[in-house]
Amino acid sequence: MADTPTPKTITKTIQSPRGTHDILPEQTPAWRHVENTFREICTRYNFGEIRTPAFEATELFARTAGDSSDIVVTKQMYSFIAPDEQSYTLRPEGTAGTVRAFIQNHLNERGPVSKLFYIGPNFRYEAPQAGRYRQHHQCGVELLGPDAPESDAEVLALAFDLFRALGLEASVKLNSLGTPQSRLGYIDALRAYLEPLRDSLSEDSRKRLQINPLRVWDSKDARDQEIVAGAPRLLDYLQQNDTDSMAHFDALRGYLDDLHIPYEIDAALVRGLDYYSRTAFEFVTPNLNSSIGGGGRYNGLVEELGGPPTPAIGFGIGIERVLLALGENVPSPPPLTAFLVMLGDTARQSSPKILSLFRRVGVHCDCDFVGRSLKAQMREANRQKARFALILGDNELAENKIAVKNMESGEQELLHMDDALIKLAAINADETVARYFAGEAH
RNA sequence: GCGGGUGUAGCUCACUCGGUUAGAGCGCCUGAUUGUGGUUCAGGAGGUAGUGGGUUCGAAUCCCAUCACUCGCCCCA
């Protein structure tokens, strides 16, 4: 080392923010697989993709999340004051922005039914954990307009087509929340039951009893669960006091049976916000503790946000969680079709042109860019799992030929450039077709 | 927000009661004579032990703080 060591400035390397992750090239094929499968199925169901801003006026989420929601209560939002002195918030979920866009663009005027889907990042300031991140990605749908149970079945059928296409074993936990009016009656009944038992409840549940008694059902505390097991059930209450909601629920159950969608009724599945109505559900998979998605009917939300009264139902599915549930059962980057191996300066100088020719006919190919030896280039071809090495030296150049070596069999033939192009293009086309039928060519 | 665990080479991990130039496997680079990969063999690069402070003659090892990851609670996708 002749160089005098230049004093290194000691700088802290910058890390990605807590709870966020880089998705590297070896992982993106799995992501694209999920996203493209979702897009394709949504399209099949005649849902149109909508892309809304990553941030919205804070007020939008403050209104949609409601005062008793944990997103708001525990300050799980990334809110900031912009130079215009307005408060904005990185979207913590996908529905609010979609509904806002629905209203702002008067999508209701285009017809009685709006079918929208979205894919994108959401942001929540939470303690990161397995399957829980500060930036996570969701794909979701919103079906606005209809109130009929067939529309509930439509979005659930779509979700299960997605799970089936991905090879994901999943089922749905289902409940009905009634209407805001009937729910109030139930909450009174529930409160009447819980109030005398207040002292036996956990601290959290005592708070819930105050703010939103429905959420006591959510408690994982063993004593709470015992107490709640004896409480009046929402579905029983609806049976007697809200026959419309019950009929809706029964109809949906019938459709789920028709569609062979496995479901399980879960009385603990509750959402407290006023605009929720009737159907509430969560998608679960046996290989994951947490749910991979959830949703429900929100007949009051559009109106709440200043739009025309519009029933709606939708769901959101966490892409990270789907990938966790899929595990290794996911595509990896496609191997290279050809790797160009160059000998000598002339060959190296002609490499941009040669590569360009092969790429124009669709061949997935690459070459060395750091002046490595022939042996090292062959090693690289092998490491990239290239099906062919294209060897180009003075001998080949002189005759406008190129040596095509099959890396698996080791066989090598000297072909005219034209023939090599035709051969590789045909092979590449075969692979593309094969991947297409394997469901990976998106 | 609360509680537990972890942090040593690009990756997965060792280092016995604190004691010399911190190791291994994999990966990476080079070579094994003239233009051929995978196997084998030889050699090489790469770490101020997450970061900062403290205790000590001496710290990867003990203590504190901080950051990150991770598991659980809570909640959610």
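Bear in mind that the values here come from a model prediction, so they are computed numbers and not experimental data.
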Which whole number of Å gives the distance between the P atom of rA22(B) and that of rG50(B)? 15 Å
Check the phosphate of rU70(B) against R132(A), side-chain N and O only, distance under 4.0 Å to OP1 or OP2. Yes or no? no
Base, sugar-phosphate alone, or nothing: which one does G140(A) contact when heavy atoms must sit under 4.0 Å apart? nothing
Tell me what E408(A) touches on the nucleic acid: a base, only sugar-phosphate, or nothing, going by heavy atoms under 4.0 Å. base
Sugar-phosphate only, base, or nothing, as touched by Y133(A) at under 4.0 Å among non-hydrogen atoms: base
rU12(B) and rG54(B), which share atom name C1', separated by this distance in whole Å: 32 Å
Quote, to the nearest angstrom, the P distance that separates rC17(B) from rU6(B). 16 Å
If stacking means aromatic ring centre less than 5.5 angstrom from the base's six-membered ring centre, planes under 30°, is H136(A) stacked on rA77(B)? yes
Is any side-chain nitrogen or oxygen of R18(A) closer than 4.0 Å to OP1 or OP2 of rC67(B)? no
Tell me if the side-chain of N382(A) makes a donor-acceptor pair with the base of rG38(B), cut-off 3.5 Å, by modelled atom types. no
Tell me, yes or no, whether the heavy-atom count around R51(A) atom CZ, taken from other residues, nucleotides or ligands under 6.0 Å, exceeds 12. no
Output the single nucleotide from rG37(B), rC76(B), rA77(B) whose closest atom is nearest the side chain of R215(A). rC76(B)
Could you tell me whether R379(A) contacts a base, only the sugar-phosphate backbone, or nothing, with contacts defined as non-hydrogen atoms closer than 4.0 Å? sugar-phosphate
Distance between the P atoms of rU34(B) and rU70(B), in whole angstroms? 50 Å
Across all strands shown, which nucleotide pairs with rA68(B) by Watson-Crick or G-U wobble geometry, both distances under 3.5 Å? rU6(B)
Between rU61(B) and rG18(B), how far apart are the two P atoms, rounded to whole Å? 11 Å
Which nucleotide, rG37(B), rC29(B), rA77(B), lies nearest any side-chain atom of S291(A)? rA77(B)
Is a side-chain donor-acceptor pair under 3.5 Å present for Y45(A) with D161(A)? yes
Near-ring test F117(A)/F38(A), centroid separation under 6.0 angstrom: yes
On a whole-Å scale, what distance lies between the C1' atoms belonging to rG10(B) and rC29(B)? 13 Å
Side chain of K405(A), base of rG37(B): donor and acceptor closer than 3.5 Å? yes
Could you check whether G410(A) gets within reach of a base, just the sugar-phosphate, or nothing at all, counting any heavy atom under 4.0 Å? base
Selection from rA77(B), rC28(B), rC76(B) that lies nearest to any side-chain heavy atom of R383(A): rC28(B)
With the side chain defined as heavy atoms from C-beta on, Q129(A) is closest, among rC76(B), rC73(B), rU30(B), to rC73(B)
Looking for any heavy atom pair under 4.0 Å, which part of the strands does L343(A) touch: base, sugar-phosphate only, or nothing? base
Using a strict threshold of under 4.0 Å (side-chain N to carboxylate O), is an ion pair present between R278(A) and D152(A)? no
Polar side chain donor-acceptor pair, T89(A) to E56(A), under 3.5 angstrom: no
With a 3.5 angstrom cut-off on both distances, give the Watson-Crick or G-U wobble partner of rU12(B), or none if there isn't one. rA24(B)
For E282(A), report the nucleic acid contact type (base, sugar-phosphate, nothing); a contact means any heavy atom under 4.0 Å. nothing
Using heavy atoms to find the nearest nucleotide of RNA chain B for G393(A) and E126(A) separately, return the residue whose nucleotide is more 5′. G393(A)
What nucleic acid atoms does Q412(A) come within less than 4.0 Å of, heavy atoms only: base, sugar-phosphate, or nothing? base
When we call it a touch if two heavy atoms are under 4.0 Å apart, what does A127(A) touch: a base, just sugar-phosphate, or nothing? base
Taking any strand in view, what nucleotide pairs with rG43(B) in a Watson-Crick or G-U wobble way, both distances under 3.5 Å? rC29(B)
Judged by modelled atom types alone, do H136(A) and Q138(A) share a side-chain donor-acceptor pair under 3.5 Å? yes
For S373(A) and M407(A), find the nucleotide of RNA chain B closest to each by heavy atoms; which residue's nucleotide sits nearer the 5' end? S373(A)
Donor-acceptor pair, side chain of E40(A) and main chain of T37(A), under 3.5 angstrom: no
When the P atoms of rG46(B) and rC62(B) are compared, how many Å lie between them, rounded to an integer? 29 Å
From C-beta outward on K375(A), which listed nucleotide comes closest to its side chain: rC71(B), rG37(B), rU36(B)? rG37(B)
Name the nucleic acid region contacted by G19(A), choosing base, sugar-phosphate or nothing; use a 4.0 angstrom heavy-atom cut-off, strictly under. sugar-phosphate
Nearest-angstrom distance, C1' atom, rC63(B) to rC11(B): 31 Å
Can you find a donor-acceptor pair, distance only, under 3.5 Å between Q377(A) side chain and rU36(B) base? no
Geometric cation-pi criterion, R134(A) with Y125(A): 6.0 Å, 45°: yes
